[in-house]
Structure formats: structure tokens, C-alpha cells
Amino acid sequence: MKKLTLLGILAENDYAKLIKFAHSGAVHSISDDDAATFYRDAPDNWKQTLLNACAPGLEAEKVIVSYGDGNLVNLLRVRHGIYPQTVLWAFEHGDAQTAERVLSCLKHKPDEKAEVAMAKRGELELFKLWLDKFGDLEDDTEKLLCEDPTLSTLKSYYIDRQISKGV
């Protein structure tokens, strides 16, 4: 009998086999590379099935936040949490959609490194979303806004926001 593999099941386009595989012990032996390929190429309901069955590795998680829709990213957060490294990676290296997708699903303010990385992007809309969600900035981020002239738009927005709040 042929051994079931995640990518083999995807190639066969057999959802029933995926469900069987997801509920077997074999699901925990999936390589991170295979999981990353799966999360990039599989239909949404297949991704949800696998995500409900097991936590992804770091590379697979990056694929989920890069290519998955907001519902899949939220499912990741609810079922397994999002690695702090992935949050930081999304703000440092992810495209604008990835950064916004990660920010929108966060329930708690991530560490200061992630906040600084978000600010360094210099994207006003992302910055506004961050402030709407988490409020004031940490000291290192405020210092960055003051020291980096390329972030003057963010700095002006933040100052105006603080003034309007009466701070």
C-alpha cells in the first residue's frame, strides 16, 4: 500500500484522504517545506483542515500569513498562536497586505521589536491601523520617529494624534 503524503494527497486532489491524513499520527511528521508548499497551493478549505489538525512550522506559518486570507490567519492565531518571529518577519519583510493581515488578527500588542519594524516601513496606513489598535507607541519607536527624517509623515501624524487626545 502506498504511503500517504501531504503533497501526494494534494496532487491526487482527494479531500477525503486529506481528512483521514489530518486525523492520523502522520500529520505530525510533515516537513515544514511540504507544509509550506501545501499552504501555498491548496484550496482554502484544505488549508483550514490541516491547520485545525496541527500547528505549522515557522516557514509554513510565513506562507500562511503571506498567502492565506484573513480568516486563515485568524484561525492560525486562535488555534496555535502566531510565532513572534513571524510577526516580526511580517513587518520587516512582508508586503503591505501581509503586514496588515498580521496586524488585523493580533489581539495583543507584540514586542517592541515588531513595533519598531512596523514604523520603519514608513507606511502611514499601517501606522494608523497600529495606533488605532494599540494606542501609544513605545519609547524606542517614538525615538525612531524623531531621529529618522524619512519617517517625518508618521511623526507628524503621531504628534497631531497626541495633541487631539490632549496628551
Asks: I'd like to check L50 versus I30 (side-chain heavy atoms, cut-off strictly below 4.5 Å). Are they in contact?
Replies: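 With C-beta onward as the side chain, the pair touches.
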
Asks: Taking a hydrophobic cluster as the set of Ile, Leu, Val, Met, Phe, Trp and Tyr residues connected by side-chain heavy atoms closer than 4.5 Å, whether directly or through intermediates, do Y83 and I64 fall within one such cluster?
Replies: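 Per the 4.5 Å side-chain linkage, Y83 and I64 are not co-clustered.
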
Asks: Considering non-hydrogen atoms only, spot the tightest contact between E61 and P56 and give its length.
Replies: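 In terms of heavy atoms, the two residues are closest at N-CB, 4.1 Å.
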
Asks: Are the side chains of N74 and N71 in touch, meaning some heavy atoms are under 4.5 Å apart?
Replies: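 They are not in contact (no side-chain heavy atoms under 4.5 Å apart), so the answer is no.
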
Asks: Taking the side chain as every heavy atom from C-beta outward, state whether L103 and F91 have any atom pair closer than 4.5 Å.
Replies: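 Of all side-chain heavy-atom pairs linking F91 with L103, at least one is under 4.5 Å.
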
Asks: Can you give me the closest heavy-atom contact between A99 and A90, atom names plus distance?
Replies: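 Answer, listing the atom of A99 first, then A90: CB-O, 3.9 Å.
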
Asks: Would you mind reporting whether L51 and H80 have side-chain heavy atoms less than 4.5 Å apart?
Replies: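 The answer is yes, as the side chains (C-beta and beyond) meet within the 4.5 Å cut-off.
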
Asks: For the side-chain contact (heavy atoms from CB on, under 4.5 Å) test, which of T49, D14, I9 pairs with F21?
Replies: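 Filter result, single survivor: I9.
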
Asks: Give the cluster check for L88 versus L126: same hydrophobic cluster or not, with ILVMFWY residues linked at side-chain heavy-atom distances below 4.5 Å.
Replies: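 The answer is no; the residues belong to distinct hydrophobic clusters.
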
Asks: If we only count heavy atoms from C-beta on, is the T5 to D34 side-chain gap below 4.5 Å?
Replies: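 No; the side chains remain at least 4.5 Å from each other.
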
Asks: Rounded to the nearest 0.5 Å, what separates atom OG1 in T98 from atom NE2 in H93?
Replies: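 If I round to the nearest 0.5 Å, the distance is 12.5 Å.
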
Asks: Taking the side chain as every heavy atom from C-beta outward, state whether L137 and F127 have any pair of such atoms under 4.5 Å apart.
Replies: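 Yes. Closest side-chain heavy atoms under 4.5 Å.
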
Asks: Work out which heavy atom in E123 is nearest to a heavy atom in A96; give both atom names and the distance.
Replies: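 In terms of heavy atoms, the two residues are closest at OE1-CB, 4.0 Å.
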
Asks: Between V63 and V87, is there a shared hydrophobic cluster once you connect ILVMFWY residues whose side-chain heavy atoms come closer than 4.5 Å?
Replies: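 Hydrophobic grouping puts V63 with V87.
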
Asks: State, to 0.1 Å, how close P43 and L10 come at their nearest heavy-atom pair, and which atoms those are.
Replies: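 It is CD-CD1, 4.2 Å.
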
Asks: So does T153 get a backbone contact from the side chain of S156, meaning a donor-acceptor N/O pair under 3.5 Å?
Replies: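 No; zero donor-acceptor contacts below 3.5 Å.
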
Asks: Looking at CZ of R79 and CD of Q48, how far apart are the two atoms once the value is rounded to the nearest 0.5 Å?
Replies: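 The CZ atom of R79 sits 11.5 Å away from the CD atom of Q48.
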
Asks: Would you check if the side chain of R161 reaches a backbone N or O of L131 as a donor-acceptor pair within less than 3.5 Å?
Replies: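 Yes.
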
Asks: Is the backbone N or O of A35 less than 3.5 Å from a side-chain atom of D32, with the two atoms forming a donor-acceptor pair by type?
Replies: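 Looks like no, no N/O pair under 3.5 Å.
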
Asks: On the 0 to 90° scale, with breaks at 30° and 60°, tag the W46-Y15 ring pair as parallel, tilted or perpendicular.
Replies: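 Answer is tilted, since the angle falls between 30° and 60°.
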
Asks: What's the separation between atom CG in N52 and atom NE2 in H23, rounded to the nearest 0.5 Å?
Replies: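 Reported value, rounded in 0.5 Å steps: 8.5 Å.
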
Asks: When clusters are formed from ILVMFWY side-chain contacts under 4.5 Å, directly or step by step, what else is grouped with V78?
Replies: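 Traced through the cluster, V78 reaches no other member.
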
Asks: When hydrophobic residues are tied together by side-chain contacts of less than 4.5 Å, even through go-betweens, does F38 share a cluster with L75?
Replies: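 Yes; L75 is reachable from F38 via cluster members.
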
Asks: Which atom names give the shortest non-hydrogen contact between W130 and A114, and what distance separates them?
Replies: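 That closest heavy-atom pairing would be CH2-C, 4.4 Å.
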
Asks: Take atom CD of Q97 as the centre, draw a 6.0 Å sphere, and report whether it contains more than 12 heavy atoms from other residues, nucleotides or ligands.
Replies: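 It does not: Q97 CD has 12 such atoms or fewer within range.
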
Asks: Mind checking the CD-CD spacing from E142 to E147? Nearest 0.5 Å is all I need.
Replies: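 The CD atom of E142 sits 12.0 Å away from the CD atom of E147.
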
Asks: Checking the side chain of R101 only, and the main-chain atoms of D69 only, is there a donor and an acceptor separated by less than 3.5 Å?
Replies: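 No; judged by distance alone, with no hydrogens or angles, the pair does not exist.
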
Asks: Working to the nearest 0.5 Å, report the span between CD1 of I159 and SG of C146.
Replies: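 Going from the CD1 atom of I159 to the SG atom of C146 covers 6.5 Å.
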
Asks: Rounded to the nearest 0.5 Å, what separates atom NZ in K155 from atom CG in D148?
Replies: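 The CG atom of D148 is 10.5 Å from NZ of K155, to the nearest 0.5 Å.
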
Asks: Would you mind reporting whether D44 and K47 have side-chain heavy atoms less than 4.5 Å apart?
Replies: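 Result yes, sub-4.5 Å side-chain heavy-atom pair found.
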
Asks: Regarding S31 and D33, do their side chains bring together a donor and an acceptor under 3.5 Å, going by distance alone?
Replies: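 No pair is found: no donor N or O on one side chain lies under 3.5 Å from an acceptor on the other.
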
Asks: Where do L144 and K120 come nearest, in terms of heavy atoms and distance?
Replies: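 Smallest interatomic distance, heavy atoms only, reads CD2-CG, 3.6 Å.
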
Asks: List for me each residue that meets side-chain hydrogen bond (donor to acceptor under 3.5 Å, both in side chains) alongside K133, sequence neighbours excluded, and say none if there are none.
Replies: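 Not a single residue meets the side-chain hydrogen bond (donor to acceptor under 3.5 Å, both in side chains) criterion with K133.
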
Asks: Using only atom types and a distance under 3.5 Å, with no angle test, would you say the side chain of E115 pairs donor to acceptor with the backbone of T141?
Replies: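 It does not hold such a pair.
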
Asks: Verify the cluster assignment for I82 and L129: are they in a single hydrophobic cluster under the rule of side-chain heavy atoms below 4.5 Å apart?
Replies: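 Result: yes, single cluster for both.
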
Asks: Counting C-beta onward and ignoring hydrogens, is there a side-chain heavy-atom pair between W89 and L58 closer than 4.5 Å?
Replies: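 No; the side chains remain at least 4.5 Å from each other.
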
